[in-house]
There are 2 protein chains.
Amino acid sequence: MTAMTAETVETPAAPEKELPVRDRVQTQGRIFQAGRALLAEGGFQAFGVNAVARKAGCDKQLIYRYFGGLDGLVDAIGEDLAGWVTQHVPEDQGGRFLLTYGDLMERLAELYADALRADPLMRRILVWELSENSPHIARMAEARAKGIAQWIERMRGSLTPPKGADTVALNAVIIAAVQQLVLAAETSGSFAGLPLKSQKDWARAVSAVARMARAAYA
Amino acid sequence: MTAMTAETVETPAAPEKELPVRDRVQTQGRIFQAGRALLAEGGFQAFGVNAVARKAGCDKQLIYRYFGGLDGLVDAIGEDLAGWVTQHVPEDQGGRFLLTYGDLMERLAELYADALRADPLMRRILVWELSENSPHIARMAEARAKGIAQWIERMRGSLTPPKGADTVALNAVIIAAVQQLVLAAETSGSFAGLPLKSQKDWARAVSAVARMARAAYA
DNA sequence: CGGCAAAGTCACCCGATGGTGATTAGGCCG
DNA sequence: CGGCCTAATCACCATCGGGTGACTTTGCCG
C-alpha cells in the first residue's frame with residue numbers, strides 16, 4: 001500500500017513498524033536475544049519457535065534457516081553461557097581475607113547466590129535442567145560444574161581443607177543449598193519457613209550457609 | 001448384545017475391552033490415579049486433560065464433571081499429598097540415639113533424602129513448584145513446610161540447639177541442599193561434580209550433609 | 001413395562017504449535 | 001537496464017491442546 005491511499009485507521013500511530021533489516025547477522029542476533037529474553041521471562045515453557053519469532057519480529061522460518069531449529073538456538077544460547085561462572089562470579093576477594101578453606105567456600109556461596117539472584121536467565125535454565133534431560137542442558141550443567149571447580153582452584157591459593165573432609169561432596173552440598181534457595185525464592189518467596197524476599201532475608205540465608213561452610217571445614 | 005448372538009470376532013481374545021465401569025467413585029479414582037501416574041512419570045509437562053483422560057481410559061469430559069477441570073484434579077492430588085512429610089518421613093529413631101540437635105537434623109536430612117528419592121511424584125511436584133507459582137502448588141509447599149516443622153517439633157524432645165543458632169535458616173539450608181541434590185540426581189545423575197547414582201554416592205552425599213548439620217549445630 | 005437420572009461417549013470448536021515449500025522483495029554488480 | 005543471490009515472508013499443513021454441548025447407554029425404581 002502506497003502512502004497515498006487515504007490514511008487508514010492505523011496510520012496515526014504505527015509504532016511497531018520495524019522494517020526488516022535485511023542483515024543476516026543482525027537478524028540472527030535479534031532471534032538470539034529474543035530467545036534469551038523469552039527464556040528468562042517465561043522459562044522453558046514459554047519457549048517455542050512461534051514465540052521466539054514473534055518476539056524477534058521476524059518469520060519463524062529464519063530460526064530454522066539460521067539456527068537449524070529450536071535445538072540449534074538452545075545450543076547457541078547454551079554455548080554463550082558456557083563461561084557463566086567465570087564471567088559472573090568475581091574472583092577478587094571483596095576486601096576480605098580468606099584465611100581458611102571454610103572462608104573460601106563461604107565466600108563462594110555468597111558470590112554464587114548474588115550472581116544467580118541477578119540472572120533470571122540462568123535461574124530458568126537451572127530449573128529447566130531439573131525438568132528434563134536433553135543433551136544441551138546436560139552440557140550446560142557440566143560446563144557450570146567445571147566453572148565452579150576452576151573458581152575454587154584459582155581462589156584457593158595455598159588454602160587447604162582439613163584432612164578427611166570430602167571437599168567435592170561438601171562443596172556440592174553448599175552449592176546445592178544456595179541454588180535451591182535462590183530457585184525457590186523466585187516462585188514461592190520462601191523455603192521451609194525461611195522467608196526469602198528482602199535483602200535482609202538473604203543476608204540471613206547466606207549467613208546460615210556461611211556458618212555451615214565454616215563449621216564443616218573447621 | 002445378548003450372550004446368544006454368535007461369538008463375534010473379538011471373543012477369542014479381547015484384551016483391551018475394559019468395559020466402562022459405570023461407577024462414579026471408581027471412575028473418579030481412575031482419573032485421580034491416572035493424574036498421579038502421569039505427573040510422576042512425565043512431570044507437569046505431560047499433564048493435561050487429554051493425556052489424563054487417555055490414561056484413565058475414559059472421556060475427558062468426566063474430568064470436568066468430577067473434578068471441575070484440571071485445576072480441581074490438581075487440587076485433589078495436592079490435598080492427598082498434604083500430609084506427605086508426616087506420612088513418608090518416619091519418626092522412629094532407626095535405632096540411633098539422637099544426642100544433639102545436630103544429630104536430629106542429620107537424621108532428618110537422611111530420612112528426607114530417602115523419602116524423596118523413593119517418591120517420583122513428589123519430586124515432580126517439587127520441580128513444578130520451581131517452574132511456576134500457581135496457588136495449588138503454593139499450598140502444597142506450605143503444607144510441606146509445616147510438616148517438616150512438625151516433624152522437628154515432635155522429634156526434638158528435650159534437645160535444644162546452641163544459643164545464637166538461627167535454626168529456621170540452618171534447617172532450611174539443610175533441607176534445601178538435600179532437595180536440590182535429589183532433584184538434580186534424577187536428570188543429570190550428578191551435581192557440581194558429585195556423582196549421585198549409586199547407593200554409595202548417596203551415602204557420601206548424605207554424609208556430607210550430616211557433617212555440615214552436626215558442625216553447624218556444634 | 002415406562003420413564004428418568006446418572007454415567008459415559010461423541011462430535012465438534014477454536015487457537016496455538018512445530019514444521020515446510022513456494023514466493024516475494026531488495027540490494028549489488030556487470 | 002537486467003540478472004542474480006539472498007534475506008525475508010507467506011500460505012499452508014498436520015497435530016495437539018483445552019473446552020463445551022448434544023447425544024447415547026445403563027441401571028434403577030415405581
Asks: Which heavy atom of Ala51(B) sits nearest a heavy atom of Ala46(B), and at what distance?
Replies: CB-O, 3.6 Å

Asks: Whole Å only: how far is the CD atom of Gln45(A) from the P atom of dA16(C)?
Replies: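 It is 17 Å, rounded to the nearest whole Å.
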
Asks: Please state whether the base of dT20(C) and the side chain of Arg65(A) form at least one donor-acceptor pair under 3.5 Å?
Replies: no

Asks: Any side-chain N or O of Arg22(A) under 4.0 Å from OP1/OP2 of dG26(C)?
Replies: no

Asks: Between Gly48(B) and Leu70(B), what is the shortest heavy-atom contact and its length?
Replies: CA-CD1, 3.8 Å

Asks: Rounded to whole Å, how long is the line connecting atom OH of Tyr66(B) with atom P of dA6(C)?
Replies: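 Atom-to-atom, Tyr66(B) to dA6(C), this comes out as 11 Å.
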
Asks: Among dT17(C), dT9(D), dA7(C), which is the nearest nucleotide to the side chain of Asp59(A)?
Replies: dT9(D)

Asks: Would you mind reading off the distance between Gln28(B) atom CD and dA7(C) atom P, rounded to a whole angstrom?
Replies: 9 Å

Asks: Between dT9(D) atom P and Ile31(A) atom CD1, what is the distance in whole Å?
Replies: 9 Å

Asks: Hey, is the side chain of Asn50(B) poking within less than 4.0 Å of OP1 or OP2 on dC16(D), counting only N and O atoms?
Replies: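 No, no such contact exists.
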
Asks: OP1 or OP2 of dG27(D) sitting under 4.0 Å from any side-chain N/O of Arg24(B)?
Replies: no

Asks: dT9(C), dG18(D), dT17(C): which one has an atom nearest the side-chain heavy atoms of Lys60(B)?
Replies: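 So the side chain of Lys60(B) is nearest to dG18(D).
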
Asks: Separation of Phe67(B) atom CZ from dA7(C) atom P, in whole Å?
Replies: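 Those two atoms, CZ and P, are 13 Å apart.
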
Asks: Heavy-atom nearest nucleotide on DNA chain C for Gly57(B) versus Phe47(A): which residue maps closer to 5'?
Replies: Gly57(B)

Asks: Using a 4.5 Å cut-off on heavy atoms from C-beta on, say whether the side chain of Pro90(B) contacts that of Leu111(B).
Replies: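 SC-SC contact between Leu111(B) and Pro90(B) confirmed.
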
Asks: Rounded off to whole Å, could you give me the CG-to-P distance for the Leu62(A) and dG19(C) pair?
Replies: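 So the two atoms are 15 Å apart, to the nearest Å.
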
Asks: Which whole-number value in Å describes the distance from Gln26(A) CD to dA8(D) P?
Replies: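 Atom CD in Gln26(A) sits about 9 Å away from atom P in dA8(D).
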
Asks: State the CD-CG distance between Gln179(B) and Leu126(B), to the nearest 0.5 angstrom.
Replies: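 Gln179(B) atom CD to Leu126(B) atom CG measures 4.5 Å (nearest 0.5 Å).
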
Asks: Does Tyr64(B) put a side-chain nitrogen or oxygen below 4.0 Å from OP1 or OP2 of dG21(D)?
Replies: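 Looking at the OP1 and OP2 atoms of dG21(D), neither is under 4.0 Å from any side-chain N or O of Tyr64(B).
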
Asks: Separation of Leu73(A) atom CG from dG19(C) atom C1', in whole Å?
Replies: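 Those two atoms, CG and C1', are 16 Å apart.
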
Asks: Can you identify which nucleotide, out of dG8(C), dG18(C), dA7(D), has its nearest atom closest to the Thr27(A) side chain?
Replies: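 The closest nucleotide is dA7(D).
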
Asks: Yes or no on salt bridge (charged side-chain N to carboxylate O under 4.0 Å, His left out) for Arg211(A) and Asp166(B), after CA distance, side-chain angles and deciding distance?
Replies: CA-CA 10 Å; Arg211(A) 174 182 181 134; Asp166(B) 185 349; over 6 Å; no

Asks: Look at the side chain of Gln61(B) and decide which nucleotide, out of dT9(D), dC10(C), dG18(D), has an atom nearest to it.
Replies: dC10(C)

